[in-house]
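Keep in mind the model is a prediction, meaning the values are calculated, not measured. Each chain gets a letter, A, B and so on, in the order the sequences are listed, and its residues count up from 1.
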2 protein chains.
Amino acid sequence: MSANIIATLSALAEPKRLQIIELLREGPLTVGEVAERLGLLQPQTSKHLRVLHKAGLVEVHAMANRRIYKLCQLPFRELDEWLGSFQQVWEERFDRLDEFLLEMQGKDGYQT
Amino acid sequence: MSANIIATLSALAEPKRLQIIELLREGPLTVGEVAERLGLLQPQTSKHLRVLHKAGLVEVHAMANRRIYKLCQLPFRELDEWLGSFQQVWEERFDRLDEFLLEMQGKDGYQT
DNA sequence: TTTTAATATTCATTGACAGGAATATTCGTT
DNA sequence: AACGAATATTCCTGTCAATGAATATTAAAA
């Protein structure tokens, strides 16, 4: 369940990779195009794309010499769902600490 | 802008820290309680909580001896907004590769 | 078939970070 | 003031991952 979330997060938690992802929002791109648009060396670009691919964030399509990388939807949907599990929390009364402090106070004999 | 996103992602991209975050969904907790509920040692728990705090994911409230850690909303909202910038993309025609391949084909003289 | 473009991979180096053990700090209690 | 509970910090060590340089692979073009 949240194992995939970790994979997604780790893959995204790297500046250049995040840039790549944001770039790919505009549409599928070739390795060379990604490298050029972001000012990266080709080998590093390939390596980052491989990490993103392993994490299931992008898919590849071979076309002659070139490899076209394209965003996948699933991991982003999963991440979005996971974030959704928090939105319920905000609506609850957990955003006020006051009553929790009171509850805390009773737990054992601490004088404030 | 996306600098904060990176901080958020890096902080979350660690199994134990993600567990802590998910635990704190249920409400604010003491360091000791977090450690106990997740079977972690106290020092590691403190260290993870410090990272989460530096990233702005949790806030602390000192109460006598204890420190109560509580989730922050902002970073999660930001992450959610960032994810939102993708949802537009899915609706576009980028999910079909076909026409992109055609467009690609014209770029320079490659025979398929 | 030799060359050239596009991409992937390997290797070595380096820096960041998590884990464990030990210790320091803070504060309430007696 | 001394003790004990709760938490933070330091030090050390091992591991993983990003980087750069060089090289290998694949396919197209001449």
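You'll find that the side chain of T30(A) is closest to dA6(C), out of dA18(D), dA8(C), dA6(C). Nearest to the side chain of S46(B), among dT7(D), dA28(D), dA8(C), sits dT7(D).
A heavy-atom distance below 4.5 Å is not found between the side chains of Y69(B) and V34(B). You'll find the side chain of T8(A) stays beyond 4.5 Å of the side chain of W82(A), heavy atoms only.
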Stepwise side-chain hydrogen bond (donor to acceptor under 3.5 Å, both in side chains) check, E81(B) with S85(B)
CA-CA 7 Å; E81(B) 280 183 27; S85(B) 70; over 6 Å; no

L79(A) and L9(A): CA distance, side-chain angles, deciding distance, side-chain contact (heavy atoms from CB on, under 4.5 Å) verdict:
CA-CA 9 Å; L79(A) 194 52; L9(A) 292 171; 4.0 Å; yes

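Between R66(A) and dT26(D) there is no side-chain N or O to OP1 or OP2 distance below 4.0 Å. The shortest distance between the side-chain N/O atoms of R17(B) and the OP1/OP2 oxygens of dA18(C) is below 4.0 Å. The phosphate of dA6(D) has neither OP1 nor OP2 within less than 4.0 Å of any side-chain N or O from Y69(B). Using a 4.0 Å cut-off, no side-chain N or O of H48(B) falls inside it from OP1 or OP2 of dC17(C).
One can find a donor-acceptor pair under 3.5 Å joining the base of dG20(D) and the side-chain atoms of K47(A). For N65(A) against dA28(D), a side-chain-to-base donor-acceptor contact under 3.5 Å is absent.
Atom CD1 in I6(B) sits about 13 Å away from atom P in dC17(C), given to the nearest Å. In this structure, I20(B) places its CD1 atom 14 Å from C1' of dT7(D), rounding to the nearest Å. In this structure, H61(A) atom NE2 and dT26(D) atom P are separated by 20 Å, rounded to whole Å. In this structure, M63(A) places its CE atom 19 Å from P of dA5(C), rounding to the nearest Å. Rounded to an integer number of Å, the gap from L52(B) CG to dT7(D) P is 16 Å. Rounded to a whole Å, the CZ atom of R50(B) is 14 Å from the P atom of dG19(C). As rounded to whole Å, 15 Å separates atom C1' of dA18(D) from atom CG of L49(A). dA6(D) atom C1' lies 15 Å from atom CG of L29(B), rounded to whole Å.
Near-neighbour residues of DNA chain C inside residues 35-45 of chain A, defined by a heavy atom below 4.0 Å, number-ordered: Q42(A), P43(A).
Residue pairs satisfying the salt bridge (Lys or Arg N to Asp or Glu O under 4.0 Å) criterion with at least one member in residues 37-58 of chain B, sequence neighbours excluded, are listed as follows: E26(B)-R37(B).
In this structure, R67(B) contributes its side chain and V60(B) its backbone to no donor-acceptor pair below 3.5 Å. A donor-acceptor pair is defined here as one N or O able to donate and one able to accept, closer than 3.5 Å; no such pair exists between the side chain of E78(B) and the backbone of P75(B).
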